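What follows is a set of notes on a single structure, which appears directly below.
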Amino acid sequence: MLQCIFLLSDSGEVMLEKQLTGHRVDRSICAWFWEQAISQGDSFKLQPVIASPTHYLFQVVREGITYLACTQVEMPPLMAIEFLCRVADVLSDYLGGLNEDVIKDNFIIVYELLDEMIDNGFPLTTEPNILREMIAQPNIVSKVLSVVTGNSSNVSETRPGATASCVPWRTTDPKYANNEVYVDLVEEMDATINRDGVLVKCEIYGEVQVNSHLSGLPDLTLSFANTSILDDVRFHPCVRFRPWESNQILSFVPPDGQFKLMSYRVKKLKSTPIYVKPQLTSGGGTCRVDVLVGIRNDPGKTIDSITVQFQLPHCILSADMTSNHGTVNILANKTCLWSIGRIPKDKAPSMSGTLVLETGLERLHVFPTFQVAFRVMGVALSGLQIDKLDLKNLPNRPYKGFRALTRAGEFEVRS
Amino acid sequence: MAGIRLHVIAPLVLMAVGKCARDASVYVRKCAANALPKLYDLRLEEHNSAIEEIVGILLNDHSPGVLGAAAAAFASICPNNFSLIGQNYQRLCEILLDVEEWGQIILIGILLRFVIAKHGLVRESIMFSLCCTESSNSEKDGSTTEISIKEDPGFLCGGNNFGLDVDVSGDNDLLASMVSRCYIERPDEYLSRSSYTNRGPELNVAQFTSGKSNNDVKILLQCTSPLLWSNNSAVVLAAGGVHWIMAPREDLKRIVKPLLFVLRSSSASKYVVLCNIQVFAKAMPSLFAPHFEDFFICSSDSYQIKALKLEILSSIATDSSISFIFKEFQDYVRDPDRRFAADTVAAIGLCAQRLPKTANTCLQGLLALTRLEFLSSDIGSVEGEAGVLIQAIMSIRSIIKQDPPSHEKVIIQLIRSLDSIKVPAARAMIIWIAGEYCSLGDTIPRMLTTVLSYLAWHFTTEALETKLQILNSMVKVLLCAEGEDLWSFKRVLNYVLELAECDLNYDVRDRARFLKKILSSNLNPQGLEEEANVSPQHKELSHVLAEHIFGGQTKPVSPEPMNCRFYLPGSLSQIVLHAAPGYEPLPKPCSLLHDDIDLSNACQGTNALESAKNSDFYDTDDHGSLSGSLDEESTSDYSRQDSITKSSVSSGGDGTGSANDDDDSVDLLIQISDVGNACENQNGFSHSGSADLRELISKRGLESWLNDQPGLSSASTSEPSEVSISTARISMGDIGRRVKTKSYTLLDPANGNGLKVDYTFSSEVSTISHHLVCVEVFIKNCSSEAMSDIFLQDDESSKGSYSADQTIVATDR
């Protein structure tokens, strides 16, 4: 079981230390960790499980903050990693974004949260809804109150009712004047296009996000028109497995508020909405880059927030890039970012320029990979369609909303 | 309240928890369950039975919330008390789905262990099928009855006896199976999974139960399969692990997609899941073969993930998918991360070795690559390129090795490219190839004269390793040569040797002189008259020697010991590749007999008594050996060694990796020693207070036990089993560790004189008894005077009974 959790800032400073069991873990382990991180560079920071001389460390890095958990005994590593991810999610949810200062300002809340989330090294309550019931979210009012009254605790006095009920994820008996439930399909498209321009891999990773504000104990049934396209699924604990196994119907009692009902994967898609065609020709110490972007299959809605970026290889001294649409920036870490926005009707956006190679290098022999980002509102590119949403156990007719969004996940074009 | 770690109030807390465990409110009961591990952690022996009782009550609960916490308490307090599970098994399975996710992870593990302990393994599962292949492949046993005995190594846990013996044979199996087919790699996974074996005949095919007929197994599989859809990746992996071990092979497909889906979550968990998939894929490539696209690499992956994916790809490639994979590899070779590109080249080599049909395509690609890299290899500044080039030539070499005659042209091309390749290591490798296959086919021998004079011409400008390789290869060529070539070769070699003797580097000079000496007969350009002077016998001898040195180099490369241990899927040990403290293999199949569920409670009382005694005994022993080893000057040396190896040795945390209660009825003797060992650790723990020190102690104790072996044969009955436990531990570490030589300079290191002692744990089996470990001790007198009365003694402690038997070797130089 976990023995200790540390939060490190991006300069290696220990911001927060939470001992979980009777056996203290010395802070020196962080010093060791940071020394290793400095001496071994980036590859070390990406290593999730580390065996140090005295402890096993699990690390998760989110937005510059390193979450470090220590243990000395055997335990499922994924449990630790998953838990750290949850901690990071809950914290950023509570504090509205995460950075060093925010955490330092809200030490009390962070400690309170950790107290509830883990006990004696074993994860306890990680459901955000329940946590919210136990520990009030910080807001201006509570801050003022705490300053005025000197009472800094915002742990609620009542014990969470849900832990006793048979649906531990739902707060007991919320009341809403207007009942509403929103279902969002959020999809991410992962695609890999190889150097010959062939689509090697194209798949969609989607999530069904539900935002429910329903009073009482409603029972929802969500069915899809075409479940056959789904390759694999994962569910929120509230989903009952049996109806899905038999009829591919999602039947659940929703938690209160926003949650991820289900995630799914659709594989082997045949085409992408846009194309990106990079062309690199090198010779005589320079390299000519041309990138063309255009719409291939019009999804029916506008594609916006298109960006193309790539990492300049190490052997490049300078780069001079221009485009006929959008802006091109070369960032400090040798990343070239071309933000296009929307594709205009009349012309195809293109970017071109020359890269100057290191002296003595005749031609470019390593080729960068172009990462593409885009967003399509209102369409789920996987083709998944929600058939209907039935609600039971509700006093009055609720308002049902539905949205869809597709954006690029790991969309890569090799050159 | 339980958080107050005061021994005084512990009885009060225990009472309170006991009350709360029967409370009407779910929340209170859950908190009671959470408090139990904290209480247990205080290590008050007298309360343990009471705590276990409460765990039993809580496991009987009907609320899923309580069960999750109770499962966690069970796992940390009494993971082997399967009787508690036995009463509730069916209900636990049914309720599993409703338990909170963190509890699910623990509960799945407990249920799996229980089923294996109760019913043994499933006949249709991968565990069994692989065992069969193993035994049919192994030269030792062929008959069907032996099958079960052969596979026992895998399944039995906790060091009952004969540890070392089987370990060695297992390693042999490992070598054999690794070479034959990667499919059979699995057996050794079992070996490590439980590391120790019982050759006892009481186990037979009855250990296996049919998954179709056995209800308990069926329920477990049924209940865990929906968990594959869980949102929590740890739950998915735990459920996947259960299926991997228990499910019939044809049903294994269902774990593939969920596992691959988990890959889409955070990069940290991606790494862990990939580590596990890697093992699965190696054991059963067919499982993941259709999903090769999922292992294609994204540029955003970290280097570790990329390397893992490459390894998986090269192990699951099939004839149908290989063309796609190669296409991908071609792209990866151009990746800006050159370390990754080098790995890709190595992976191509691996693929070609797995699928001999593709070897030609691979070779063409690799050759093209070597030509491509010329451009950049001229420039010293690009370090990564050299790596890629070296890797490419290494891959080519390994492909050629498989079937030299058919790749003659490739060798020729490589030799031709010598002029343009500038990286010393790559050049050395090509020269090696030239020397090795110098007599192959027709064309190569004809080229050799030119090649050798070219090399001789360039000799002075070469780098060190190339120079050495040139010398070696020339001698090889010379030994193979016949006819008029011989004469010219001799001249060239003489020229080179003379150059080398004046080289700046002493290695080259030494090599040259050595070669000159050994080849003095062959070398002489004048030939006959001098040859007569040399006695023919001597000439013969040196020739044979030379042949031996340079002739037989095409030995199969032994597989690296690095990856030969596998641990339970989803465990920490699998990721860090050594047994973490507290790592427990699966329990012994069928160790839990149906009728002893009630009995075990009765037994426990008596055992507790015995174990108390035992623990005392071993504890003092520990400290004794500790002081013994601290005695010498070598302390600092020793403890440094310890701190390095410590992590590789499973020093069994709470309740050492052995089934305590489940083998009650099997063998009382074993049972006692197991408990004793567990308690000893606890004692050590409470004595020292810090886990670190405990590990040191047990490690020391262990080493002294190992040294003790000869004396033990006469010792009391409980000791052999103790010994096997200690051997069980050491074998969990790397194999490489065992051949490490430790050196103690006993007297005066400053002057360089004194007594030098090196010792090694050798891997061979002792001839006296397979209980014993061979320790080779080399004692060297570095001082000027003769020394006498040297004898080996460990343990100069209260337990003097051992030391008398220890005078083994006393060599005096």
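These figures come from a predicted structure and were not determined experimentally. A note on names: the letters A, B, ... follow the listed sequences, proteins ahead of strands, and every chain is numbered from 1.
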Using non-hydrogen atoms only, which part of B:E101 is less than 4.5 Å away from chain A: side chain, backbone, both, or neither?
side chain

Pair A:T369-A:R414, side-chain donor/acceptor within less than 3.5 Å:
no

Would you please say whether a donor-acceptor pair under 3.5 Å links the side chains of A:E187 and A:Y264?
yes

Applying a strict 4.5 Å limit to non-hydrogen atoms, the region of A:F83 in contact with chain B is both

Under a 4.5 Å cut-off applied to non-hydrogen side-chain atoms, are A:V60 and A:I81 in contact?
yes

A:D190 versus chain B, heavy atoms under 4.5 Å apart: side chain, backbone, both or neither?
side chain

I'd like to know if the side chain of A:Q59 pairs up with that of A:T66 as donor and acceptor (distance under 3.5 Å, no hydrogens or angles considered).
no

Cut-off 4.5 Å, heavy atoms of chain B, and the answer for A:D232 is both

Cut-off 4.5 Å, heavy atoms of chain B, and the answer for A:Q371 is side chain

Region of A:F367 that comes under 4.5 Å of a non-hydrogen atom in chain B:
both

Top contributor to chain A interface from B:N231, B:D294, B:I305 [non-hydrogen pairs under 4.5 Å]
B:N231

Considering only heavy atoms, which portion of A:R240 lies under 4.5 Å from any heavy atom of chain B: side chain, backbone, both, or neither?
neither

Which region of A:E82, side chain (C-beta onward) or backbone (N, CA, C, O), has a non-hydrogen atom less than 4.5 Å from a non-hydrogen atom of chain B, or is it both or neither?
both

Is it true that B:N232 and B:S230 share a donor-acceptor pair across their side chains at a distance under 3.5 Å?
no

Looking at B:A341, B:A234, B:G68, which makes the most heavy-atom pairs under 4.5 Å with chain A?
B:A234

Given heavy-atom pairs under 4.5 angstrom as the criterion, report whether the side chain, backbone, both or neither of B:S269 touches chain A.
both

Side chain B:Q104, main chain B:V99, donor-acceptor under 3.5 Å:
yes

Hey, what's the ring geometry for B:W229 with A:F241, parallel, tilted or perpendicular (30° and 60° as the breaks)?
tilted

